[in-house]
*Asks:* 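The structure that follows is given in the form of structure tokens.
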Amino acid sequence: MTTLSGQAIAKVTLEIPCLAEYVGVARLAVLGVANRLPFTYDEVEDVRLAVGEACTHAVERAGNYNMSRGDDGFGSSDCSITIVCTIDNATLTVDVTDTVPMTEDNAAANAGDDGIDYQELGTVLMEVLVDYVTFEAGSFGTKVRLVKTATQAN
Amino acid sequence: MAFVGNTVPNAEGVTILNLTVSTRNLADDISVISLEGEIDVYTSIQLKQDISDILEKGVKYLVLNLSKVEYLDSTGLGVLIGTLKKLRESGGNLVIVGPAMRIMRIFEITGLYKIFAIYATEEEAAAKEGIAL
């Protein structure tokens, strides 16, 4: 696949279990991919944090889904997160798609036992850190698309 | 000192840790917690428990040194907000010290810099908050 300017579009895919201990793996992989683009140090860090938040969002919903079934509330080894990074010139698109079933429990139970809505905080961070964010929920789970273009591209 | 996270031997056989929590008591009701590493969805659960254990001992003023924290996400922010709420309800306070620019930016993006007392150094925090180090 190539862009209009003839440059190749590169794609990197990573699949991790929907567990808290693997979110760091996703952040590390995306850090490596983002370093391939002409991003500044801060922009690379922005992408890393935004992807971490998208994965965290999935892990928290998986935890809520597990608790609704009476299991442990710390992610779910039954679910996975797929991170697809697409490099197109100076633009990085990261699709974070989870397989956490959407139920009333995990759609509504955002606030922790201390009343703090972690997912809302995460959403605010994602919206500020990248240029474009979309959320899509369906029978497959949830997909978060994060798009960021390097400011020093030219 | 407590360690949170996986212990993974690297090429030199040294253990890499996600988050190190070190606590220093200045008085019966004042403690300094120094954190080193990453505060994320994995480590924040244990951090929340560690802080809860300290508060149960009667600590009302907590100085949280973040100068060696390399990563902070929304779950980490949640732990800090929850701790601040608990301490203020008991007439105490949570003071944050030494966040790097990247970490400070997260407080700015979320507007949380307005509700936390944030200082560059422990000495500055002690002087402004009237705490003896």
*Asks:* Given that the side chain runs from C-beta out, which part of B:Glu70 has a heavy atom under 4.5 Å from chain A: side chain, backbone, both or neither?
*Replies:* backbone

*Asks:* Determine the option with the most heavy-atom pairs under 4.5 angstrom with chain B, choosing from A:Thr56, A:Val128, A:Leu49.
*Replies:* A:Leu49

*Asks:* In terms of heavy-atom pairs under 4.5 Å with chain B, which of A:Leu125, A:Val124, A:Val23 leads?
*Replies:*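 The answer is A:Leu125.
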
*Asks:* For the atom pair CE (A:Met126) and CG (A:Leu146), what is the distance rounded to the nearest 0.5 Å?
*Replies:*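 A:Met126 CE to A:Leu146 CG: 6.5 Å, rounded to 0.5 Å.
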
*Asks:* Taking side chain as everything from C-beta outward and backbone as N, CA, C, O, which of these in A:Tyr41 sits under 4.5 Å from a heavy atom of chain B? Side chain, backbone, both or neither.
*Replies:*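 Side chain only.
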
*Asks:* Below 4.0 angstrom, N of the basic side chain to O of the carboxylate: do A:Arg27 and B:Glu38 qualify?
*Replies:*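 A salt bridge is present here (some side-chain N lies under 4.0 Å from a carboxylate O).
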
*Asks:* Rounded to the nearest 0.5 Å, what's the gap from CG on A:Leu121 to CD1 on B:Ile109? Could you check?
*Replies:*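 Output value for this atom pair is 11.5 Å.
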
*Asks:* Mind telling me whether B:Phe116 and B:Phe107 have parallel, tilted or perpendicular rings, with 30° and 60° as the class edges?
*Replies:* perpendicular

